[in-house]
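By convention in this document, chain letters (A, B, ...) are assigned in the order of the sequence lines, proteins followed by strands, and residues within each chain are numbered from 1. All values below were derived from every heavy atom in this structure, side-chain atoms included, with hydrogens, water molecules and symmetry-related copies excluded.
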Protein chains: 2
Amino acid sequence: MDDEWNAQAQGGRRLKPGQHVIISLRRMIAEGSFRPGERIAEIATAEALGVSRMPVRTALRALEAEGLVEKLGARGYAARSISAADIHGAIEVRGVLEGLAARRLAVRGLTPAEDARFAACLAEGEAIFAKGTLAQGDVDRFHDYNLAFHNLLVEASGNPSIGQALERNDHLPFASAVALALENEPADEFAHLHSAHRDHLAVIAAIRLGDAPAAERGMAEHARAALGSERLFQRFR
Amino acid sequence: MDDEWNAQAQGGRRLKPGQHVIISLRRMIAEGSFRPGERIAEIATAEALGVSRMPVRTALRALEAEGLVEKLGARGYAARSISAADIHGAIEVRGVLEGLAARRLAVRGLTPAEDARFAACLAEGEAIFAKGTLAQGDVDRFHDYNLAFHNLLVEASGNPSIGQALERNDHLPFASAVALALENEPADEFAHLHSAHRDHLAVIAAIRLGDAPAAERGMAEHARAALGSERLFQRFR
DNA sequence: AAATTCATTATTGGATCCAATAACGATTCA
DNA sequence: TGAATCGTTATTGGATCCAATAATGAATTT
């Protein structure tokens with residue numbers, strides 16, 4: 001267990017080899033370290049990562065369940081090839097699921113505690129865009145705000161099945177709610193990210209008005225906005 | 001490996017111990033053999049099933065990913081308690097996902113091959129109800145027809161993410177498309193099952209007309225029809 | 001009586017090894 | 001030349017065992 005793996009500790013606590021393995025494999029898959037179809041074998045991967053086969057086997061099973069790798073029968077595993085159509089479909093699924101979450105909230109209304117949480121969340125978004133431009137750190141800040149917004153929406157919906165259905169998407173590159181297909185310097189992304197923030201404001205406004213169709217449609221369109229990014233499809237043709 | 005496990009062979013081919021284990025555990029969970037919260041430990045389960053810990057560990061990991069069990073940290077696993085609200089939410093998620101599948105088909109239309117496959121599938125349904133009553137074997141026959149219809153709809157939609165998002169539901173009791181909350185003798189279930197079949201006919205008619213809103217709404221309402229069964233909620237209060 | 005400490009136990013994670021099986025490539029036959 | 005067969009290799013599945021750690025209950029202290 002070398003320094004790189006120690007550096008992967010989270011919350012100041014060292015991760016177990018099994019956790020390291022799955023994090024490493026996810027990153028390698030996301031970075032395109034494996035060509036689609038290229039074999040990922042337990043033994044070779046264990047040797048490369050300096051662990052025994054057990055944590056690699058466990059990790060590959062989990063990644064298979066997440067749809068990031070597919071089993072080649074007795075021949076090991078392979079990174080799943082992801083097409084632009086796959087991304088398109090995953091975003092569409094995200095749209096209807098988050099739309100359902102928004103509709104549920106609009107139908108039954110927000111509790112005062114929920115309303116306060118959404119208000120605090122959106123205030124963070126307002127703060128990010130208040131000065132009319134983005135600094136370097138603001139992209140990470142927006143990332144955190146965006147993730148918090150989507151997680152809160154799903155949690156507040158009161159239907160855990162929505163979050164469970166979204167779990168696959170959360171691991172698929174660019175289909176996750178936090179996928180940010182940035183193509184330019186942060187300062188040039190102001191309009192792009194600000195548009196996403198305005199979508200958030202519009203959806204919560206519709207929820208507060210009890211306008212279920214508008215809330216649902218707003219979230220579905222918000223998800224589809226990700227499809228407009230050119231870089232999204234360069235990698236997956 | 002006793003006769004019971006040999007009897008679990010599928011397709012005339014003996015299953016591996018790992019496959020037996022996960023099938024056995026799924027059945028025990030579905031049958032309520034474990035009380036919610038009751039510990040399911042690797043060692044005790046392995047002894048009970050006559051295998052080593054390895055296939056049990058693999059199976060428990062998979063069942064955790066499916067949402068049927070939850071990890072108790074270093075204390076093992078427990079069958080996840082499922083409430084009526086959980087079932088309600090899962091059915092709602094199924095409704096929007098299958099509604100999305102129906103909408104996609106209505107928007108882009110059916111190919112002649114797809115239309116033929118749907119026609120053949122629905123003809124099987126027509127045959128089941130043609131004589132105006134149900135025989136004993138007709139419930140299994142309807143089960144197979146129903147499963148084929150839902151699978152074909154998702155497959156024909158051309159969006160694999162819909163099927164992937166539905167995978168969790170497929171393992172949740174009563175949330176699966178093939179959940180049949182039968183409460184009476186087969187002959188008495190004619191109206192119930194026939195209504196489901198007529199829903200299928202209406203959805204395909206809407207798809208053929210290119211009426212995307214009607215197709216989507218029809219599938220969502222078809223999923224919600226499962227909520228009307230009284231026995232659905234007896235078990236999960 | 002309540003809180004704290006400590007020893008023990010139960011449990012999972014991982015390492016190692018062997019068995020079983022599928023896949024592959026070379027050889028042989030028609 | 002193509003098909004079939006066979007031997008070899010690569011790979012995963014599972015068994016066994018040990019290490020690490022969390023949980024539990026008893027004993028001690030306040």
Checklist entry - Should A:R61 be listed as having a side-chain N or O under 4.0 Å from OP1 or OP2 of D:dT12? => result no
Item to check | side chain to side chain donor-acceptor pair (under 3.5 Å) partners for A:E114, two or more places apart | outcome: A:R108, A:T111
Item to check | Side-chain N or O of B:K71 closer than 4.0 Å to phosphate OP1/OP2 of C:dG13 | outcome: yes
Next on the checklist: Just to verify, what does B:R39 make a salt bridge (Lys or Arg N to Asp or Glu O under 4.0 Å) with, not counting sequence neighbours?
Outcome noted: none
Listed pairs, N/O of protein and of nucleotides 16-20 of chain D, under 3.5 Å:
from, atom 1, to, atom 2, distance (Å)
D:dC17, N4, B:R53, NH1, 3.4

Checklist entry - Looking at residues at least two apart in the chain, or sitting in another chain, which of them share a salt bridge (Lys or Arg N to Asp or Glu O under 4.0 Å) with B:R141? => result B:E124
Item to check | Contacts of B:E167 that satisfy side chain to side chain donor-acceptor pair (under 3.5 Å) - sequence neighbours left out | outcome: none
Checklist entry - Of all residues at least two apart in sequence or in a different chain, which pass the salt bridge (Lys or Arg N to Asp or Glu O under 4.0 Å) check with A:D115? => result A:R208
Checklist entry - Residues in salt bridge (Lys or Arg N to Asp or Glu O under 4.0 Å) with B:E64, at least two apart? => result none
Checklist entry - What integer distance in Å separates B:L72:CG from C:dG13:P? => result 12 Å
Item to check | Footprint string (nucleotides 5-11 of chain C, 5' to 3'): B base within contact, S backbone only, - free, heavy atoms under 4.0 Å | outcome: -----BS
Next on the checklist: I need the CG-P distance between A:L63 and D:dT12, as an integer number of Å.
Outcome noted: 14 Å
Checklist outcome for this item: Those residues at least two apart in sequence (or on a different chain) that pass side chain to side chain donor-acceptor pair (under 3.5 Å) with B:R104 are A:E92
Checklist entry - Is the A:H222 to A:H197 ring centre distance short of 6.0 Å? => result no
Checklist entry - When the C1' atoms of the five terminal pairs at each end define the local axes, what inter-axis angle does the helix from C:dA1-D:dT30 to C:dA30-D:dT1 show, to 10 degrees? => result 20°
Checklist outcome for this item: side chain to side chain contact (heavy atoms under 4.5 Å, CB included) filter on B:A165, not counting sequence neighbours, yields A:V93, A:A165, B:L97
Checklist entry - Can you name the residues that form a side chain to side chain donor-acceptor pair (under 3.5 Å) with A:R53, not counting sequence neighbours? => result A:E42
